[in-house]
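Here is the structure we will look at.
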Amino acid sequence: MMREVAVIGVGLSRFGERWNAGLKELMAEAGVAAIEDANVKSSDVEMLFGGTMASGRFMGQEHIAALMSDELGFRNIPAVRIENACASGGSALRLGYMSVASGIHDIVVVGGVEKMTDVTSAEAGTALGGAGDQEWELFQGITFPGLYAMMAKRHMHEYGTTEEQLASVSVKNHDNAYKNKYAQFHKKITVQEVLDSKMVSDPLKLFDCSPISDGAAALVLAPLEVARKYNDTPIKILASEQASDTLRLAARESLTSIKATSIAAQKAYKHAKVSAKDISIAEVHDCFTIAEIMAMEDLGFYDKGKAAKAVENGETRLNAGISINTSGGLKGCGHPVGATGVKQAVEVVWQLRGEAGERQVKDARIGLTHNVGGSGATAVVHIFGRAN
Ligand code: COA
């Protein structure tokens, strides 16, 4: 019999180009905040799952989970690193959830970290390219902006999606990030500025791309039955699901949807006994503007081909129909790849507790996080709800 699981503490480091902070400082910023928020002692923590994609490539540092545990003062507990490309954080959360739900552990910390800005953009692009098929994609010269550009071109061809509509995703996410003190960018932009920014991979321009970022995020999980002992506002994990697909984009059935997302989402809705219509806030994986549009369709928020128009009409802004990427998303808040999936959960918890400040969505009751690895070979979906 599975136990119900709650998030009892959350913490974030500031995201951005953190020249004065190393991996340890970023992890400590997020981890200490989460532990204090949860009102637990270091000695209460029984296990740690740490997400990172390529700390070896970016920093020369492996063995990240043991380092997190050491840095946060957890002595001798089991600590395991999770690498699942840009979905490392989401997968770490899912494993943390499973270990509490199964009854094996009570208090579990889930961390995510990446420090990407100490290498050049070209080196970062090569490291990130390892999330795709090394032999068939990266080795042939295609990096992630190129893969998502192909998806964007196909979406434009099949559904008439425009560059202006892609740009409106970025404008919205920069607006939300402007209200988030943890975000990498605090700069409002216009559709025209997105269109005028330098071309990265046609049709994706600089402001259609998530940036190279440093940052960390952390969560503390507990069984729901004891959660109130630590925290007055525990947030319940209603579902935790994950699916995979071919690593190679060329082998997919479609370029305009991510099947792993639809499969994980349908399972998650079933498990949580909710439908897409019940979701009021969602942090979705907008590594490129086209990715947010495909996510909204694959998660069932909009019919295929309808999401781009909805963004352009303002339906996904704060407190509109469904508030998407209230944190600023990967585009505005930043995308330190191993931290992103955990950060998405931190934002949803703040929203459901009513602690999101200027970004607060009124009466947010059910929230969803959607974290993708590579060009869609992994997708992780979590659904969260207030515990009362
Ligand atoms: N959005 C907005 N501004 C950005 C940005 C982005 N994505 N990337 C860089 N900038 C800004 C920088 O802050 C800098 O501004 P400044 O001159 O005021 O300091 C300026 O643009 C130039 O930055 P630089 O680092 O030289 O850009 P770059 O051309 O080397 O890198 C990209 C730009 C788009 C190639 C890089 O951000 C990138 O690779 N993004 C995608 C990351 C990715 O693939 N993640 C995994 C997804 S699955």
Side-chain angles (χ1 to χ4, degrees), residues 15-19 51-54 57-58 83-90 112 114-133 137-138 142-152 166-167 169-178 183-190 193-215 247 249 258 260-261 284-292 294-295 325 328-341 343-344 370-380:
F15 281 18
E17 295 185 22
R18 299 289 309 272
W19 302 116
T52 192
M53 176 186 160
R57 292 289 293 264
F58 289 123
E83 187 279 298
N84 236 357
C86 303
S88 299
E114 211 79 57
K115 179 152 176 64
M116 304 166 74
T117 66
D118 282 7
V119 298
T120 64
S121 298
E123 287 168 328
T126 304
L128 292 165
D133 188 317
E137 293 177 335
L138 189 65
I142 189 151
T143 56
F144 270 85
L147 290 169
Y148 277 89
M150 287 197 280
M151 297 191 219
L166 295 179
V169 170
S170 184
V171 171
K172 168 184 68 69
N173 290 349
H174 274 254
D175 276 359
N176 292 349
Y178 189 75
Q184 181 155 353
F185 297 117
H186 294 108
K187 182 172 178 263
K188 295 193 184 195
I189 54 171
T190 62
E193 281 173 298
V194 181
L195 297 177
D196 291 344
S197 63
K198 73 175 174 181
M199 185 60 78
V200 175
S201 183
D202 187 25
L204 302 177
K205 300 152 204 85
L206 180 69
F207 286 162
D208 286 296
C209 304
S210 60
I212 306 291
S213 315
D214 306 328
L247 204 65
L249 188 60
I258 290 182
T261 295
V284 309
H285 199 95
D286 59 321
C287 49
F288 300 94
T289 48
I290 184 63
E292 177 164 317
M294 291 196 302
N325 281 332
L330 284 55
K331 175 68 207 78
C333 189
H335 184 25
V337 284
T340 286
K343 175 230 116 186
Q344 293 176 320
H370 163 251
N371 189 200
V372 171
S375 61
T378 296
V380 193

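Quantities reported herein were computed from a predicted structural model and do not represent experimental measurements. Each ligand, and each atom within it, is numbered from 1 in the order the structure gives. Residue numbers count from 1 along this sequence.
Side chain of Glu114 to main chain of Met53: a donor-acceptor pair is present (N/O by atom type, distance under 3.5 Å, no hydrogens or angles). Between the side chain of Asp286 and the backbone N or O of Ala291 there is no donor-acceptor pair closer than 3.5 Å.
Counting only heavy atoms, the protein never gets under 4.0 Å from atom 23 (O) of ligand 1. Note that atom 41 (C) of ligand 1 has protein non-hydrogen atoms nearby, at separations under 4.0 angstrom. Put simply, atom 6 (C) of ligand 1 has protein non-hydrogen atoms near it, under 4.0 Å away. Put simply, atom 19 (O) of ligand 1 has no protein non-hydrogen atoms near it, under 4.0 Å away. For atom 28 (P) of ligand 1, the nearest protein heavy atom lies under 4.0 Å away. Inside a 4.0 Å radius of atom 16 (P) of ligand 1 there is not any protein heavy atom.
Because its NZ or CZ atom is not both nearer than 6.0 Å to the ring centre of Phe58 and within 45° of the ring axis, Lys115 does not count as a cation-pi partner of that residue.
Given atom 36 (C) of ligand 1, the protein heavy atom at minimum distance is Ile212 CG1, 4.0 Å. Taking atom 44 (O) of ligand 1 as the reference point, the nearest protein heavy-atom neighbour is Phe288 CZ, 3.6 Å. Of all protein heavy atoms, the one lying nearest to atom 13 (O) of ligand 1 is Glu17 OE2, 3.9 Å. Leu128 CD1, 3.5 Å is the protein heavy atom nearest to atom 43 (C) of ligand 1. For atom 4 (C) of ligand 1, the closest non-hydrogen atom on the protein side is Phe185 CZ, 3.8 Å.
Using the six-membered ring where Trp is involved, His335 and His285 have ring planes that are perpendicular, over 60° apart on the 30 and 60° scheme.
Contact atoms of ligand 1 toward Phe144: 44 (O), 48 (S) (distance under 4.0 Å to a heavy atom of the residue). If you number the atoms of ligand 1 from 1 as listed, the ones under 4.0 Å from a heavy atom of Cys287 come out as 47 (C), 48 (S).
Side-chain contact of Glu17 with Thr117: a donor-acceptor pair under 3.5 Å is absent, judged by distance alone. Between the side chains of Asn325 and Gln344, not a single donor N or O lies within less than 3.5 Å of an accepting N or O. Using a 3.5 Å distance cut-off with no hydrogens or angles, the side chains of His174 and Lys331 do pair a donor with an acceptor.
For Lys331, a nitrogen or oxygen atom sits less than 3.5 Å from a nitrogen or oxygen atom of ligand 1, counting backbone and side chain alike. At a 3.5 angstrom cut-off on N or O pairs, Cys209 counts as close to ligand 1. Residue Ser121 places at least one N or O, backbone or side chain, under 3.5 Å from an N or O of ligand 1. An N or O contact shorter than 3.5 Å links Ser210 to ligand 1 by distance. Where the criterion is an N or O separation shorter than 3.5 Å, residue side chain and backbone included, Lys198 meets it with respect to ligand 1.
Atom CG of Asn176 is separated from atom CZ of Phe185 by 15.0 Å, given to the nearest 0.5 angstrom. The distance from the CD1 atom of Ile189 to the CG atom of Asp175 is 8.5 Å, given to the nearest 0.5 Å. Going from atom NZ of Lys188 over to atom NE2 of His186 covers 11.5 Å, rounded to the nearest 0.5 Å.
Looking at residues two or more places apart in sequence or on another chain, you find no ring-ring contact (aromatic ring centres under 6.0 Å, His included) involving Phe144. Every residue was checked against the ring-ring contact (aromatic ring centres under 6.0 Å, His included) condition with His370, not counting sequence neighbours, and none meets it.
Distances from atom 21 (O) of ligand 1 to the heavy atoms of Leu206, Val200, Leu330 show the closest one on Leu206.
Residue-level proximity to ligand 1 for Pro211 is carried by backbone and side chain together, each with a heavy atom below 4.0 angstrom.
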